[in-house]
Amino acid sequence: MSTASAADPAASERAVVADRPLLDVRDLHVTYSSREGEIPAVRGVSFTLRRGETLGLAGESGCGKSSLAAAVLKLLPQGTKVEGEVLLDGENVFTMSPGRLRAVRWTEAAIVFQGAMHALNPVWKVKHQIAEAIQLHDPIGDKAAQARVGELLEQVGLPGRRADAYPHQLSGGQRQRVMIAMALACKPHLLIADEPTTALDVMVQAQVLALLEQLQEDLGLAMVFITHDLSVLTSCCRRLAIMYAGRVVEEGPSHAVFDHPQHPYTKALAAAFPTIGDMRFRRAPLGLAGDPPDPRELPPGCPFVPRCSEAIDACSDAEPALRVAGPMRSAACIRVEADG
Amino acid sequence: MTAEPIIEVRDVHVTFESKRARRKHAAPARAVDGVDLEIMPGEIVALVGESGCGKTTLARTLLGLERPASGEIRFRGTPLPHSTKGLRTYRRHVQIVFQDPTGALNPRQTIYESVAEGLRIHKVPGNEKDLVASALSRSGLRPPERFFQRYPHEVSGGQRQRVVIAGAIALEPSLIVADEPVASLDASVRGEILRLMLGLVQQTQVAMIVVTHDLGLAWNVADRIAVMYLGRIVELGTTEDVLEAPKHPYTRALLSVVPEIERMEPQILTGEPPDPTRIPPGCRFHPRCPLVVSGVAAELGILERCQTEDPTRVQMRTGHSVACHAADLDAVPGPGPTPGPEPAETAN
Amino acid sequence: MTDPTGGAFESARDSALAEVMAPDPPAPGSRRSLNWSRRRKSAGEVWREFWASGQGKAGLIILVVFVAMALLAPLITSSEGLKVTNALGNKQNAPPSWEFPFGTDNDGRSVLTLFVWGARISLFVGIAATLVAIFIGSFVGIIAGYAGGRTEGVLMRVTEWFLVIPFLPLAIVLASVLSRSLSTIILVIGITSWPGTARLLRAQVLSVKERTFVERARALGAGHGRIVGRHVLPSVLPLVFANLTLTVPIAILSETTLAFLGLGDPLRVSWGQTLGASFAAGATSIGAWWYYLPPGLGIVAVVLAFTLCGRALEEVLNPNLRQR
């Protein structure tokens, strides 16, 4: 953090810019309208991300994490109601003109989608698809685009000749790398990875994770890593946010949250990924009764009450807000004692 | 007490040949390339490995859904029948739980009908309604009557998997094959399903094979683990043995990349899981083996053997066997886990 | 067979219908995606959604009107009006009047009578031919899709052979060889229409066959009969129904063509036959619009009605097709 000298307005302006978080989500609400009624997918989420920071977003089906990812680049389906703000480097994504939005998409922030294998067009060669991403934003010539494609493929660890392949000729891990290459095409500052390693073998998953970590270091990318696999997040993300029923229920440094969870849901989620070698998990699978809640039918008060082993009567009165639960940590549970 | 094994697999080979491959004179895919395995009643064996390793094919072969090209499978001492009629009788005793519970249930059938299907096919005597209710109830869906008229899309994913399990246990099988039983379910729901499966095994002494790539799951429920690579079991032993003191470099690599494993350096193998149509000569793992790649194999003087000799599984300790030339030697240098306490013998 | 729309109709129908049972890729943990379109709909739900759509409602109403008219023909006008001998005293090619609301034809017969009774034949032939086509097509398609291997190969080659038989030459040949009757017409249309259904159903059966619940049935010990009867058929029957609804208009148009060309049963009055007669009588040059417009518009209306119903039904069975 730099201290601006009062006599130099340009320097103080630069300082403000440098301090400004890259991604600032403020009280975001996302509600889908469907034939069956309204579905509140995200119900008041706020967080910030600075340049070069990594945030892991964990949660299960219905928690709203994918809606959150789509909201950042305003990729929600038509008719979706949005409240709150998403500031990308200071600019609100929802008030940008369509032209500005298109310019910002992919150059400021890019998404690697869930099910990336199916997101590639099967009738185009991989190199053309990556080149398309480049040329949409910067109409450089074909040759220059292909050169950049080669660079990108190298960055993601694919041999250059793979550029000539069609998606079906590549394996799952390779297709995922292509998706990452596409996301990096316009040198974004922020990368949102939505379940990038789901449906991949463990070894390939490790490869892709290592790649993401390395890219993040080399390019100084800020990253939001969305997944339901909590164990994966601890190694590649510095901070962790757990989502449940459209809200963040716990947040803090990854290892602290994973090793010493404060919110009952986080405890249960962490316990669902057993530690090999720990006899407490031997023949003792841990999980929660019930199912992740239907966003249309949330109970009064804390949405976790039906499945919570530590619930008390007061829990059903009102939905708890995030409260401090340790250094740089917070949890949305009324039973959490504020630490210092 | 030595009981008779429910299933005995002796040197089974299962190959797949696509028409295109035959035209191009390409080699067939040797999905299962010589597997030996025994499963005792009341035990849970995890088949672990990446895609292409043959674990699913082996599981399907045990169900009679694939025919082995060679080798023998015995169920309670008698070889598996080949005739349609024989297979039908066999299938009463061996059931499957699928990875995707949503796809596994006919969306046009009620839950009652889905569970009753097996009973009707095999004309199981007794009151059908009672049998269905009992199966649903044992799967944790209570009161069962509430689910009779429901359709699969009206219940949650975890409940759907319970319905599939109910359909399987309604026939009171001796062996259940579970193919990634919780991979499609939410993480918080998995524990309950796994606990259900453990409970069933303990109560009825049904044997279970769990096919999975998730070592954590194996640690949770399995008595023994068989690690497969390119159609072979490369390591077999009790869960404690295999996961706390793995002997095969592949097992070690798999274990090292599990995110919570802090005691091991991650050994990320390069390349993709290999192709069953192009199995390398010698030890099938040698092109990717960390011992070979890092030069340790050469140091140990076994490099040539790794490249030319296909290692057979050798018993290390009672119940723990490994197919690796390096495991034959005493000291195996290189990244490995810190030795843990001696695991207890598996009681059976 | 000649399809006046040049095949666009058929290919659109085929590709859209083939989507009806497309399986969703499994996605871990995303069981409640918004497009949960694979749920089985009860008959009641199908009806309600169908009726709720503008297309479905409009199409069905038009159909009901015409079918009612066809069935109630004897109550509207007497069939004696079809006999030329009874029309001798009437003015020929007379414009619409109180006595003859649709005017008269070249023989002095009331065009309204021709219209109302012609509807019977057109609709009857259309539906009957479709049933023949659907029956053969389903049989062949389902067996080919399920059996696979050589059986499938043989059946599909036969299907393709029938597919390329040109409609009109076959109709002419058969009309001259066989008696010129309704049965011949139905036969001709039936055997040239079934390949489309067969291919569609084979594709559907292929995809249903691979679904996990079919494998589960096999693992439970079910035999082929049970799998086809309890699992495959119920999944493809809605498709058959929608296909049927969209094949009828094609059959009606085919009948119209044949009758127009004089290949139909000369004793039976149908809309196509009326159109053909009006053309032969030079109704266009003498300006007797009442002669050719009613049957023409009737055909358009009925074809449109079936198409609207068929599309509405498709959309109900496969919500993915709906424009959002």
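So you know, we letter chains A, B, ... as the sequences are listed, proteins then strands, and number each from 1. Remember, it's a predicted structure, so these values are computed and weren't measured experimentally.
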Practice prompt. Dump the intermediate steps for side-chain contact (heavy atoms from CB on, under 4.5 Å) on R216(C) and Q95(B), then the final yes or no.
Written response: CA-CA 9 Å; R216(C) 173 176 177 259; Q95(B) 280 302 306; over 6 Å; no

Worksheet entry | Short N-O contact, E117(B) and R230(C), less than 4.0 angstrom | no

Worksheet item: Roughly how far, to the nearest 0.5 Å, is the CD1 atom of I96(B) from the CG atom of L220(C)?
Response: 10.0 Å

Response to the item:
Interatomic distance, OG1@T212(C) vs CG@N106(B), rounded to 0.5 Å, equals 11.5 Å

Item to complete: Check whether any side-chain heavy atom of R120(B) sits under 4.5 Å from a side-chain heavy atom of R226(C), and report yes or no.
Response: yes

Using non-hydrogen atoms only, which part of [X] is less than 4.5 Å away from chain C: side chain, backbone, both, or neither?
X	answer
E113(B)	side chain
R60(B)	side chain
L87(B)	neither
T89(B)	neither
L105(B)	both

Fill in: Contact summary for R211(C) and P107(B), nearest pair of heavy atoms
NH2-CG, 4.2 Å

Response to the item:
What one should report as the nearest heavy-atom pair of I121(B) and G221(C) is CG2-O, 3.4 Å

Worksheet item: Do R91(B) side-chain atoms and R218(C) backbone N/O form a donor-acceptor pair below 3.5 Å?
Response: yes

Check whether more than 12 heavy atoms from other residues, nucleotides or ligands sit under 6.0 Å from atom [atom1] of [X], and answer yes or no.
X	atom1	value
F148(B)	CZ	yes
F66(C)	CZ	yes
Y90(B)	OH	yes

Discussion item. Determine whether E215(C) and F98(B) satisfy the following criterion, side-chain contact (heavy atoms from CB on, under 4.5 Å), listing intermediate values before the conclusion.
Written reply: CA-CA 10 Å; E215(C) 189 165 58; F98(B) 292 92; 3.7 Å; yes

